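Since the structure comes first, as C-alpha cells, the remarks are kept for the end.
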Amino acid sequence: MSNYDFRKIENKWQDRWKKDQTFRADNSSKKPKYYVLDMFPYPSGAGLHVGHPLGYIASDIVSRFKMNQGFNVLHPMGFDAFGLPAEQYAIQTGQHPAITTKNNIERYKDQMNKIGFAYDWSREVQTCDPAYYKWTQWIFMKLFDSWYERDADKARPIDALITILEKSGSERLNAVCDEGTDHLTAEQWNELTWEDQQKYLLKYRMAFLAETSVNWCAALGTVLSNDEVKDGYSERGGHPVERKKMMQWCLRITAYAERLIKGLDHLDWSEALKEIQRNWIGRSQGGELDFPIQGKEERIRVFTTRPDTIFGVTFMTLAPESEWVDKLTTPEQRTAVKQYVKEASNRSERDRLSEVKRVTGVFTGSYVLHPFTQKPLPIWVADYVLAGYGTGAVMAVPAHDTRDFAFAKKFNLPILKVIDGGPEDEAYDAKEGKAINSDFLNGLEVKEAIARAIERLEAQEIGIGKINYRIRDAIFTRQRYWGEPLPVYFKGEIPCLVSEKDLPLILPEVDKYLPTESGEPPLARAKNWVYKAEDGKEYPLEKSTMPGWAGSSWYFFRYMDADNAQAFCSKDAQAYWESVDLYIGGAEHATGHLLYARFWTKFLYDLGLINTDEPFKKLVNQGMIQGRSSLAYRITGTNKFVSANLKDQYETSPMHVDVSLVKDDVLDLEKFRKWRPDLAEADFITEGSKFYCGFEVEKMSKSRFNVVTPDDIIEGYGADTLRMYEMFLGPLEQSKPWNTNGIDGVFKFLNKVWRLFHNETGEWAVVDDSASPQELKSIHTAIKKVNEDLQRLAFNTPVSSLMICVNELTALKCRKRNILEILTVLLSPFAPHLAEELWECLGQKGTVARAPFPKHDESFLLESTYEYPVSVNGKLRTKMDLALDMSPGDIEKAVLDAEPVQKWLDGKTPKKVIVVPGKIVNIVV
RNA sequence: GCGGAUGUGGCGAAAUUGGUAGACGCACUAGACUUAGGAUCUAGCGCCGCGAGGCAUGGGGGUUCGAGUCCCUCCAUCCGCACCA
C-alpha cells in the first residue's frame, strides 16, 4: 500500500491556516490566557538546520494543546534582526545589511511555515524595523531620564532627583551612583552651571556615559560585553579581545543586582540556570574598612568577606591599575613599580588567563597601619588584584586565603594564623573554626567573629558592613553600523535626548560600513548626522549604536500589542497578557539576554509602565542538537574504501561523507560515486552487500557534510513526521546528536493512522458503530497519558503513547468514528496537518486546533481482574490473577491459600504479608 | 578549585509518588503475503545457561519485605564560572 499524501495535505492546510488567520490571538477574551514564547532567532544566512526548530516544535505543541484546552493562546514569532554577521557581510560585499537581513528573514519564515507552526504572524516583530526600534529608543530615553533610589528600592524619574537636589542637596540621598561621587548641598547644586548640573546628574542616571574599562575587539572594531567574550576571544568570529579604557554608554544594571538575585526564587526555571545567573551576579557579603596610610592623612579602603581575619592581615595589595599606586610609590621603588605596572597593562586578558599560577608583584615602599593594632603593613602591587572588583585593594591574610598565601610565600612576607584548624603548609580558607591571636575576637566561631568584627568596625567608624556584586554595569554602545542609533545628541560634552516626537531616530545611510580613518564608528560617515534641537541649532548626534541585546530585552511585551503606534505596549494589553507563561530557548542566553530582559522588565515596572516585574514565569532550555557526521574509511593512499567494521585490518584515513548519501549508516555506493568526480572510480570492501560508515558527533557544519535541514526531512517524510520525530528523539532539555536513523518508525506510525481511517484500497472506511470496552480502554489510556505528559512538558512519551494506541486499534481493526475523533484531537498538537485533514474528512466543523481536548474516563481503564506479581522475600516467584475489587485482606487470604504458595511456605507461617493493591503481593518468611 | 547536570540493551530511550526494569521506536533475526517493495503483517530480540535458574540500571557500601528511584562514598563524562579578596 502506498504512503499517505503528506505533501498535498500539508500544503493545503498551511494555505488554509494562512488564509483563515486561524492562529490570530485575541487581546480580549473570556477564555483564560496563555502566552507561549520562543526565543526569537537571529536570521543568519545559513538558514535553519534541523536543530533550530526543536524548541519551536515543543512550544508549538504546547500552544496547540492549550488551544485545545480552551485557552486564548498567544504564540508569536519574530526576528532579532540587528547584529554582526549581516554587517560583516556588508563590509565584504557592500550590500546593505537591511537587504541581507530581509532576505534571510524571508528564508526563515518560509522554512518555519513549512513546519506548520501555529504562529500569529500578525504580531511579528523585527528589531531592525524603525516602527519597533522607535520604542527601543524610547525605553533608552526612559533609562536616561531615571535614577535609582535605594530607600524606595526602585528607579524613579530624574525630575524627582532634581527636586531633591534643589531642596536638600544630595547629603541625605540614598541613591545608586558612580563610585566616588561627591555630595552637594542644595546651595552648591543651585549654584552649579547647567553643564555642571548635567555632568552631576549623569552620575545618577540609569543610562550614563562613563569612562570604563571595556573589552575591545580590534578586528570587529567594537567593544563587546562580558558575555560576548569567551576565553579572551570574541564569541562571534573568534577574534582576540583586549581590555581598554573608553568612554561608553552604560546601563546601571548593578542597581538591580539584589532584585535580580531575589527574583529568581519565585521563577519556575531550572536550578542550573538560576545558579548560572546567581554566579554571574556574584553576590558576596562582607565589609569595607579603611587602613590609614602611614605618614599621610588618607586612608585606603578595602573590601573583604572575612572581617573575622582582620588580625591576620600582614600586608596590603593593590591592583596595578589602582590610582593609589602612583601616590604611594616611594622614590626608591618608582622604577620597579613603573616597570611592573607597564608589564601588567601590556599583558592581554588571554595571557593573564593562561598564567594564573604565576605569582608576581612589587613593593611600593609605603605602609598602611593596622586599624586595631596600628602595626605598619607593607603595601604591594600585584596583578592578582582586580581593579574592577571591590575597591581594587585587598587586605592580605595569607594564613586564610590561597592567593595571599602564595604571594606571601613568594615574597617572604609573614603569615599569621588567626583561625584555629587546617594544615600548616597551606592556606586554611574554610569558614570553620575558632578565632585565635585576635584580641576581642578570640574564641569566637567564624560566623560570630564576622558579625562582631563588623560591629566593632562600625562602632569605631573604621568600616561598614557591605555587600559586593561581581556583575558590572552593562556597556550599551557598539562602534558598529547595524544597530539602533542612540537618541542622543551633544551640546559640547553634555549628552541630551532628542525630543520624543522625533522618534524613531532613523539609522542613516553610509557609503561604507567600516570605521572612519580617524577610528570613529561608521555612523561618522553619515551625511548630516546632526540633530536640530528646539533652540534651532544643529548638534552632533551620538555615533555609536546600541548592542544586539537592546531589541531583545523587551520584545516579549511588543508581541502583546505589536501594532501600537502610541506606546511600546498598551497597559491594557500588558495587563491582559501579563507575562510569558512558558519561554523556550537555549541556555546560552543565561547571562546575556535572560538577565537584560529581567533588568528591563524590572525597570519598566518601577516606572509603572507595566505591572509585572518578571518577564518569564517558566523557562525551559532545549538541548543543543549536534551534528552526526558520517565517515568513510579510505585505505590510505588509494581510492579504495573499507566498511567500518573491517577498517582495523587496514591502514585507513577517515573521510567525511555527505550524510544524505547514508541511511542507517549504510552508504549508497551509486550516489557516492556520483558525489564527486574523483570518487567515480572508487573501490569498496563491503560487509556482505553493505558498506557501513562510521560516525562522529560534532558541530553541524557545511564542511563536515553533516547539515540536515528541516526542508530535507519535510521533502522526504513531511512536516508532521519531522515534528513528531524531533519530539521522539528524547527529553527536550537534553543535548543530542541528530540522527535520521529511526525516523521511519514515526513515518510508519503516521501512515498507520491514515490506514486506520481508510481501507486497503484507500477508501474512507470510518463506521458509526459503538465502541467496544477494549477500544475504549485503549483510547482512554492514550488520553490520560498524553494529557499528563504534556502537562509536565514531556514530549517524547506522549508520542509513544499514541503509537501504542494506534497499534492496538489497528490490531482490533477499529474504524469507529467516536474513537477516531478522539484520536484525531490527541494527534493534532503533534501532527497538525494530518489531524486537520482527518478532522475535515470526519465531517467536523471548524479547525481541529479549536476542538476541545478530550478528557479520559477512569471507568474504561479499570479491569475486573489484575495479574498480581507474587514475591517471596522480595524475590519474584509467580503471577496470580485476582479480582481488582478485592480488599487487601481478601487478596492476602487468596494468595496464601493458593497451592504453589503453600508449597513454598512448606508448612511455615509467613512473618508478614505486604499487599500493594494493583501492584504486588510480597510474602516475608 | 567552586557550582550545576548526567551515567539504564547494539542504538535513541521509558519507568510522575520506592512495587513485574528495558514501555515505545530503530537496527537485527526468522517467518507470512507477494508479477521484488525503502510496502504490510506475525514472532523473537539485556547478559550467562540446553534447561531450571542465575546475573543485570557507572563502581562500592547502607536503609527497606522490596532500590534505576532514598542515604553515604568513589569514578567517568558534559556544561557554567574562575586570581571576585
Side-chain angles (χ1 to χ4, degrees), chain A residues 1-3 270-280 282-284 286 302-306 309 317 319 352-353 355-359 382-386 388-397 400-404 406-407 429 468-471 587-588 590-591 624 663-666 716 725 728-731 733-737 739-749 751-752 755 760 785 788-789 791-792 794 796-804 807 810-811 867-876 878-879 910-916 918-925:
Chain A
M1 193 187 288
S2 62
N3 296 326
S270 72
E271 207 42 52
L273 199 81
K274 288 186 187 178
E275 213 40 48
I276 292 173
Q277 287 213 344
R278 284 193 197 106
N279 289 342
W280 188 262
R283 182 186 202 268
S284 51
V302 300
F303 173 76
T304 179
T305 55
R306 296 296 300 275
T309 60
T317 336
R352 266 174 103 147
L353 281 170
E355 291 173 14
V356 166
K357 292 207 174 82
R358 208 177 82 178
V359 179
D383 69 358
Y384 79 83
V385 181
L386 304 175
Y389 186 76
T391 61
V394 169
M395 60 173 229
V397 186
H400 304 290
D401 181 279
T402 319
R403 296 149 303 174
D404 296 344
F407 196 83
D429 52 12
N468 237 319
Y469 300 93
R470 201 178 68 92
I471 193 172
E588 67 273 17
T591 54
M624 291 263 282
K663 173 142 200 228
D664 291 335
D665 291 336
V666 177
Y725 184 58
F728 190 63
L729 275 175
E733 278 105 327
Q734 199 170 295
S735 287
K736 53 225 159 189
N739 189 346
T740 309
N741 301 355
I743 197 167
D744 283 342
V746 171
F747 186 57
K748 275 188 221 167
F749 161 74
N751 278 301
K752 269 185 202 171
R755 285 199 301 274
E760 287 72 16
K785 286 288 288 171
E788 282 173 358
D789 288 347
Q791 218 72 258
R792 67 184 170 103
N796 50 343
T797 41
V799 177
S800 295
S801 305
L802 288 167
M803 285 178 173
I804 294 167
N807 282 344
T810 303
E867 213 175 44
Y868 273 85
V870 177
S871 85
V872 179
N873 285 342
K875 297 209 170 176
L876 191 71
T878 191
K879 290 172 188 173
K911 276 188 206 147
K912 210 175 359 172
V913 180
I914 299 148
V915 177
V916 185
K919 297 271 183 181
I920 194 165
V921 180
N922 198 318
I923 303 163
V924 186
V925 185

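From a predicted model like this one, the values you see are computed outputs, not experimental measurements. Chain letters run A, B, ... following the sequence lines, proteins first, then strands; residues in each count from 1. Note that these values count all heavy atoms, side chains included, but never hydrogens, waters or copies made by symmetry.
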>> Quick check for you: among C81(B), G12(B), G80(B), whose closest atom lies nearest to any side-chain atom of L729(A)?
In response: G12(B)
> Which string of ( ) [ ] | and . matches RNA chain B, if you list each base 5' to 3' and count Watson-Crick or G-U pairs only when both distances are under 3.5 Å?
Replying inline: (((((((..(((......[....))).(((((.......))))).(((....)))..(((((..]....))))))))))))....
>> It should be established whether N807(A) places a side-chain nitrogen or oxygen under 4.0 Å from OP1 or OP2 of nucleotide G25(B).
In response: yes
>> Going by ring-ring contact (aromatic ring centres under 6.0 Å, His included), name the residues that satisfy it together with Y725(A), two or more places apart in sequence or in a different chain.
In response: W738(A)
> Picking from U40(B), C83(B), A85(B), which would you name as closest to the side chain of Y389(A)?
Replying inline: A85(B)
>> Closest approach to the side chain of V924(A), judged atom by atom: which nucleotide of U40(B), C65(B), C81(B) is it?
In response: C65(B)
> Looking at the side chain of Y384(A), which of C24(B), C81(B), C83(B) is the nearest nucleotide?
Replying inline: C83(B)
> Hey, is the side chain of R755(A) poking within less than 4.0 Å of OP1 or OP2 on A39(B), counting only N and O atoms?
Replying inline: no
> Counting side-chain heavy atoms from CB outward, which of C65(B), A23(B), G4(B) is closest to S800(A)?
Replying inline: A23(B)
>> Tell me whether D404(A) contacts the main-chain N or O of V397(A) through its side chain, where contact means a donor paired with an acceptor under 3.5 Å.
In response: yes
>> Both K752(A) and T391(A) contact RNA chain B. Taking the nearest nucleotide for each, which residue is further toward the 5' end?
In response: K752(A)
>> Just the rounded figure in Å: distance from C1' of C83(B) to NE2 of H400(A).
In response: 19 Å
>> Nearest to the side chain of E275(A), heavy atoms from C-beta on, is which of C81(B), G4(B), A85(B)?
In response: G4(B)
>> What's the gap between G46(B) and U42(B) when it is taken at their C1' atoms, as a whole Å value?
In response: 23 Å
> What distance, rounded to whole Å, do you find between the two P atoms, one in U20(B) and one in G66(B)?
Replying inline: 15 Å
> Side chain of F303(A): nearest nucleotide among A85(B), G80(B), C26(B)?
Replying inline: A85(B)
> When you measure from the side chain of L386(A), which nucleotide among G4(B), A85(B), C26(B) comes out closest?
Replying inline: A85(B)
> Side chain of D664(A): nearest nucleotide among C81(B), A27(B), C24(B)?
Replying inline: A27(B)
>> If I pick the P atom on G59(B) and the same atom on U8(B), what distance separates them, to the nearest angstrom?
In response: 10 Å
> Expressed in angstrom and rounded to an integer, what is the separation of K736(A) atom NZ from A13(B) atom P?
Replying inline: 7 Å
> If every non-hydrogen atom of S284(A) is compared with every non-hydrogen atom of F303(A), which pair is closest and at what distance?
Replying inline: O-CZ, 3.6 Å
>> Measuring from the side chain of N279(A) (C-beta onward, heavy atoms only), which nucleotide among C83(B), G3(B), A82(B) has the closest atom?
In response: G3(B)
> Which whole-number value in Å describes the distance from D429(A) CG to C2(B) C1'?
Replying inline: 11 Å
> Which value, rounded to the nearest 0.5 Å, describes the distance between K752(A) atom NZ and M803(A) atom CE?
Replying inline: 8.0 Å
>> Taking A27(B) as the reference, what is the distance to U16(B) when you measure between their C1' atoms (whole Å, please)?
In response: 30 Å
>> Using heavy-atom distances to pick each residue's nearest nucleotide on RNA chain B, tell me which of L273(A) and I923(A) is more 5'.
In response: L273(A)
>> Without decimals, in angstroms, what is the distance between M395(A) CE and A85(B) P?
In response: 12 Å
> When you check every protein heavy atom under 4.0 Å of nucleotides 14-19 of chain B, what one-letter string (B, S, -) results, 5' to 3'?
Replying inline: SSB--B
